[in-house]
Student: 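Sharing a structure below in structure tokens format, with a few things to ask.
Naming: A, B, ... by sequence-line order, numbering from 1 per chain.
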2 protein chains.
Amino acid sequence: MGRKRTKSGKIRLAEVAELAGVSPITASRFFRNPEALSVAKRTRVESAAKELGYVPNLAARALASQRTEVIGVLIPSLTNNVFSDVLRGIYDASEGSRYSIQLSNTRYSILQEEKLLRLFLAQKPAGLIVTGIDQTAESRAMLEAADCPIVQIMEIGPSPVDMMIGFSHYDAARAAIAHLFAQGHRKIGFVGARMDPRVQRRLDGYVSAMKDAGLFEQRLVVTTATPTSVTLGGALFTDLLAHQPDLDAVFCANDDLALGVLFECRRREISVPEQIAIVGFNDLEFMASAVPTLTSVRTNRYEMGKTAATMLIEAIEGRRPEQPVLDLGFKVIERQSSSSRQSDNRPAVSAGGAPNKMVALPSSHD
Amino acid sequence: MGRKRTKSGKIRLAEVAELAGVSPITASRFFRNPEALSVAKRTRVESAAKELGYVPNLAARALASQRTEVIGVLIPSLTNNVFSDVLRGIYDASEGSRYSIQLSNTRYSILQEEKLLRLFLAQKPAGLIVTGIDQTAESRAMLEAADCPIVQIMEIGPSPVDMMIGFSHYDAARAAIAHLFAQGHRKIGFVGARMDPRVQRRLDGYVSAMKDAGLFEQRLVVTTATPTSVTLGGALFTDLLAHQPDLDAVFCANDDLALGVLFECRRREISVPEQIAIVGFNDLEFMASAVPTLTSVRTNRYEMGKTAATMLIEAIEGRRPEQPVLDLGFKVIERQSSSSRQSDNRPAVSAGGAPNKMVALPSSHD
DNA sequence: AGGATCGTTGACAGCGCTACCAGCAACGAC
DNA sequence: GTCGTTGCTGGTAGCGCTGTCAACGATCCT
């Protein structure tokens with residue numbers, strides 16, 4: 001064909017335009033806003049592009065248009081399977097769109113987050129997804145000054161930077177404790193690891209529920225800054241028992257800990273739920289499969305990621321959601337590990353949050 | 001200071017150069033190869049950049065230099081915690097380097113992989129990390145024609161595209177079965193889900209080991225294409241028992257399945273390991289914590305990701321490793337779930353591959 | 001029919017950076 | 001002293017694309 005090529009051997013827009021018999025700028029428009037072209041030219045450009053196997057040069061586009069098609073995502077951890085669910089949702093929602101995901105790991109450090117934020121913002125991302133509501137003042141200022149849509153995920157709070165999607169960890173913990181109260185438990189311990197802001201708020205919810213009932217005691221709480229694990233759940237529970245041998249229930253800040261507690265109970269031949277009830281948090285898949293099955297607070301992690309990315313993309317393209325703050329709620333899934341001592345297992349659940357139309361909500365789960 | 005700014009309000013290289021009293025190209029060199037500058041100019045540019053808070057425009061750099069500083073990563077799943085460990089290694093290794101990670105999910109489809117590969121390659125990545133050795137012919141051709149370093153991860157095989165890091169799933173499965181044989185087990189079932197190429201090779205290893213011992217029977221194998229889960233482990237095990245009630249051990253293609261089998265045994269009051277031994281694969285954290293503790297084949301996932309990214313970056317910068325194929329090996333971690341019926345628990349382990357940082361290959365390759 | 005409006009198209013001028021090559025001083029070998 | 005070297009620096013010319021604005025014909029209204 002003798003087309004002239006760039007050094008790199010790649011097809012440029014100009015070649016496509018030439019083959020299609022239009023100007024480069026018209027070809028350019030085809031890729032950004034095909035509706036603006038007449039049908040005739042549109043099909044001509046389309047087939048020319050296909051024939052040549054044209055792939056746009058994103059760097060050139062970014063340079064010329066002064067913006068990128070990158071969605072920055074800041075999450076505190078890659079290990080935690082809570083985030084992998086959220087991420088999966090984000091990636092799923094971004095697939096098929098023109099936007100690509102740029103992921104960075106803050107390692108639970110808001111200083112690191114600030115640094116990464118500065119880096120991201122310098123590249124003019126199309127949008128940003130950040131975790132939580134506990135940014136540094138500097139980060140907060142940067143976010144507010146940013147000229148792109150932003151979604152805060154994982155929790156909801158009083159003053160969103162822009163959009164926000166999550167649920168109340170505080171309320172969720174309170175609901176878990178209320179459930180245990182309803183089952184007749186009184187000496188309810190709390191086991192928590194990592195103690196990031198969201199876990200902290202679960203602890204706050206626990207404390208307030210216990211205080212409301214006049215049952216709070218400091219030694220019912222065992223926490224550590226160490227990253228969570230199943231093994232750690234066993235260790236923390238051991239600690240808890242040492243301080244409080246007459247425990248009748250444990251609320252674990254996540255499911256890994258709960259599984260660890262379950263195993264530890266088995267090791268010590270403590271029967272669950274007869275002697276001690278266990279409630280976890282997140283409702284990971286294995287909770288329903290354990291023996292006994294484990295009660296947990298279901299959170300809509302995948303949905304959270306997916307909806308966050310969807311909202312963000314909509315906003316980037318100018319269609320801002322009428323409802324910028326979305327509470328995805330939670331649901332206490334009662335299973336054997338906390339079922340009532342007297343009756344067997346009526347499948348009571350208590351849900352929280354404000355279900356909303358943008359997503360199919362908790363009521364429809366399980 | 002009255003510096004003139006670009007519309008976007010951002011500081012450009014030219015401004016830094018002006019403040020430093022050098023030409024733009026000299027300033028540019030500072031960021032790419034500081035050694036090439038005289039010490040005087042180097043410090044001048046450095047302080048000017050710091051004073052202005054200069055952040056390079058990556059799009060402009062990519063356009064001008066005809067290459068990006070992006071490492072493309074193609075993995076089949078974001079859910080699977082095996083990959084999240086690998087990813088964590090990759091991200092850790094990329095941190096502090098100039099390269100950023102671009103992640104894409106092939107969803108276990110080699111057609112999808114081919115499509116993503118085409119997309120990636122068009123953007124001239126600095127390097128590529130791809131999962132496994134089972135690409136389509138077209139993908140393979142693209143990879144071979146690519147002018148950037150490439151690392152294949154997760155397994156090793158005969159003809160690397162470029163670099164390769166992983167271990168032999170086949171040998172690992174054989175080692176697991178050998179361990180069970182050593183413990184006196186004969187009727188050993190296989191439970192597998194998803195059945196991606198790596199799980200398939202584990203199955204192949206199992207089959208060959210069983211055949212070698214004259215113990216293979218088709219009905220000892222239960223697999224499904226369904227994605228793996230703990231619950232599924234229980235279900236597949238139930239199936240297996242139905243076909244083969246006199247089973248004395250189960251080799252699970254991953255640890256989630258193994259946990260599911262353990263729970264199912266508990267549900268059925270089958271004692272582990274007395275009646276049935278269980279061996280998993282990957283050695284996830286919870287295996288050591290379960291009751292009984294669960295034997296598994298340890299694989300070096302984090303290290304795999306980290307080393308892959310490190311090797312790749314080295315290669316990008318022109319320092320190719322002297323050993324482009326790395327076998328990270330595996331290790332059978334014996335725990336209670338498969339400990340010998342007669343003796344109690346001597347901590348025997350059998351390792352495979354060459355768990356070494358930069359050295360030779362395992363003898364055992366087929 | 002005349003003018004206004006809309007939809008469609010193209011010319012031009014960069015976006016911010018780096019590849020390439022030339023220039024220049026300092027230095028050593030003959 | 002002359003001629004290469006070497007080491008550092010700068011000028012020029014784009015990289016491939018899109019924002020802006022102007023121009024054009026077609027359509028619509030009064």
Student: Considering just the side-chain nitrogens and oxygens of Y54(B), establish if one lies under 4.0 Å of OP1 or OP2 belonging to dG16(C).
Tutor: no
Student: Taking the nucleotide of DNA chain C with the nearest heavy atom to each, does L63(B) or R32(B) sit closer to the 5' end?
Tutor: L63(B)
Student: Any side-chain heavy-atom pair from V130(B) and I153(B) closer than 4.5 angstrom?
Tutor: no
Student: Using a cut-off of less than 4.0 Å, is there contact between a side-chain N or O of S28(B) and OP1 or OP2 of dC17(C)?
Tutor: no
Student: For a quick check of understanding: with a heavy-atom distance under 4.0 Å over all strands, which category does R67(A) fall into, base, sugar-phosphate or nothing?
Tutor: sugar-phosphate
Student: Can you find a side chain N or O atom of Q66(B) that sits less than 4.0 Å from OP1 or OP2 on dG16(D)?
Tutor: yes
Student: Can you check the I25(A) CD1 to dG14(C) C1' distance for me, whole Å?
Tutor: 12 Å
Student: Atom CZ of F30(B) to atom P of dC8(D): distance rounded to whole Å?
Tutor: 15 Å
Student: Check the phosphate of dG10(D) against K41(B), side-chain N and O only, distance under 4.0 Å to OP1 or OP2. Yes or no?
Tutor: yes
Student: Are S28(A) and R32(A) close enough that a side-chain donor and a side-chain acceptor fall under 3.5 Å?
Tutor: yes
Student: Starting at atom CZ of R29(A), determine the distance to atom P of dG7(C), rounded to an integer number of angstrom.
Tutor: 14 Å
Student: Is any NZ, NE, NH1 or NH2 atom of the basic residue among E303(B) and K306(B) found under 4.0 Å from an Asp or Glu carboxylate oxygen of the other?
Tutor: no
Student: Judged by each residue's nearest nucleotide on DNA chain D, which is more toward the 5′ side, S65(B) or S23(B)?
Tutor: S23(B)
Student: Do T26(B) and S23(B) get their side chains close enough for a donor-acceptor pair, meaning under 3.5 Å?
Tutor: yes
Student: Do you see a donor-acceptor pair shorter than 3.5 Å between the side chains of T136(A) and E114(A)?
Tutor: yes
Student: Mind calculating the distance between CG (N33(A)) and P (dC17(D)) to the nearest angstrom?
Tutor: 18 Å
Student: What does A59(A) touch in the nucleic acid at a heavy-atom separation under 4.0 angstrom: a base, only the sugar-phosphate, or nothing?
Tutor: nothing
Student: Nearest to the side chain of A64(B) - dC17(C), dC17(D), dG10(D)?
Tutor: dC17(C)
Student: Between T26(A) and dT9(C), does any side-chain N or O lie under 4.0 Å from OP1 or OP2?
Tutor: no
Student: Nearest-Å distance, CG (L37(A)) to P (dC6(C))?
Tutor: 20 Å
Student: Are any of S38(A)'s side-chain N or O atoms less than 4.0 Å away from OP1 or OP2 of dG7(C)?
Tutor: no
Student: Roughly, in whole Å, what's the span from CZ in R61(B) to C1' in dC15(C)?
Tutor: 16 Å
Student: Rounded to whole Å, please give me the gap between CG in L52(B) and P in dG16(C).
Tutor: 15 Å
Student: Rounded to the nearest angstrom, tell me the gap between atom CZ in R12(A) and atom P in dG16(D).
Tutor: 5 Å
